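On a predicted model such as this, the values are computed, not experimentally measured, just so you know.
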Amino acid sequence: METLDETPRRSPAPRRTRWSRPVAVLAVLLSLVLLFVLAGTFGLTRGLGGLLGEETKDHSGPALLKSIQDMSRYEGAVGTFQIVVDLEKDAKYLPDALRGTRTLYVAAGTVGAYVDLGRAGPRSVVVDEDRTSATLRLPHARLGPSALDPERSYAVSKQRGLLDRLGDLFSDNPADERAVHRLAAQRIKEAAGASGLIARAEKNTTTMLEGLLRSLGFRTVRVVYT
């Protein structure tokens, strides 16, 4: 007699694909990078400093004195300006979502206008024999460098492509704003040149010199800018 074996046969277990350790580590790193990029895109990383116990410490060294210059300028006027800078950098053959930056920055700063009294030589001052009248010939006023105010300047928005965000993660100076600051300082100085600040500086310098010389006994004071 034949005996039938009614025990059900088990199907062979599927083979599991085993990843090598370097490939698994690389996959984890890429996942973390993608997670940080997406979190930065939607602003999910803001406010994590307080949750993680972030603490700010100042380890800066003392300031070093590089040089001292004697100034002979009279700053006759100072203007305060505010400008919105919209700076965009695009890649030639890549879409903006992949490569490119656009920064909207509100910049506030001051520009001073001065008259360089040190350029006035001995022939620039003419006094009559009675010492009651004086004529001064001075150079025209100039604009000083524009100084940005970090307390009132801020970035409204920053748009960066995926490659730029990845580069910021491995860069020592992410989201470099030097180009934005240079453009803001240039635009503020241009606005100062068109605002009549130079004429105001010359007028105030004339008023100052007239008051000074009249206090010394001069009745007539004439200031000419050449």
*Asks:* Passes side chain to side chain contact (heavy atoms under 4.5 Å, CB included), L148 versus I188? Steps please.
*Replies:* CA-CA 9 Å; L148 295 181; I188 287 178; 3.6 Å; yes
*Asks:* Just verifying a value: how many Å separate R219 CZ and D130 CG, rounded to the nearest 0.5 Å?
*Replies:* 8.5 Å
*Asks:* Sequence neighbours excluded, which residues qualify as side-chain contact (heavy atoms from CB on, under 4.5 Å) partners of L64?
*Replies:* none
*Asks:* Under 3.5 Å, side chain of S153 to main-chain N/O of P150, donor-acceptor pair present?
*Replies:* no
*Asks:* Tell me which pairs pass side chain to side chain donor-acceptor pair (under 3.5 Å) where either residue lies in residues 134-152, with sequence neighbours left out.
*Replies:* H140-E202, D149-R152
*Asks:* Are I83 and Y105 connected, step by step, through hydrophobic side chains (Ile, Leu, Val, Met, Phe, Trp, Tyr) whose heavy atoms are closer than 4.5 Å?
*Replies:* yes
*Asks:* What's the shortest heavy-atom distance between L143 and A113, and which atoms?
*Replies:* CD2-CB, 4.0 Å
*Asks:* Measure from the side-chain N and O atoms of N204 to the backbone N and O of A77, and report whether any donor-acceptor pair falls under 3.5 Å.
*Replies:* no
*Asks:* Is there a side-chain contact between V224 and T226, using heavy atoms and a 4.5 Å cut-off?
*Replies:* yes
*Asks:* Share the residues that join V78 in a hydrophobic cluster, the rule being Ile, Leu, Val, Met, Phe, Trp or Tyr side chains under 4.5 Å apart at the heavy-atom level.
*Replies:* none
*Asks:* Answer whether the closest heavy-atom distance between the side chains of F81 and V111 falls below 4.5 Å.
*Replies:* yes
*Asks:* Once salt bridge (charged side-chain N to carboxylate O under 4.0 Å, His left out) is applied, do any residues pair with R187, and if so which ones, sequence neighbours excluded?
*Replies:* E190
*Asks:* One pair to check against side chain to side chain contact (heavy atoms under 4.5 Å, CB included): V85 and T103. What are the steps and the verdict?
*Replies:* CA-CA 8 Å; V85 176; T103 303; over 6 Å; no
*Asks:* Say you draw a straight line from OG1 of T207 to CG of L212; how long is it, rounded to the nearest 0.5 Å?
*Replies:* 12.5 Å
*Asks:* Considering only Ile, Leu, Val, Met, Phe, Trp and Tyr, and joining two whenever side-chain heavy atoms are under 4.5 Å apart, list the other residues clustered with M208.
*Replies:* Y74, V115, L117, V125, V127, L136, L138, L209, L213, L216, F218, V221, V223, Y225
*Asks:* With a 3.5 Å distance limit and no angle check, can you tell me whether T132 reaches the backbone of D128 through a side-chain donor-acceptor pair?
*Replies:* no
*Asks:* D116: what forms a side-chain contact (heavy atoms from CB on, under 4.5 Å) with it, not counting sequence neighbours?
*Replies:* S72, R73, Y114, R119
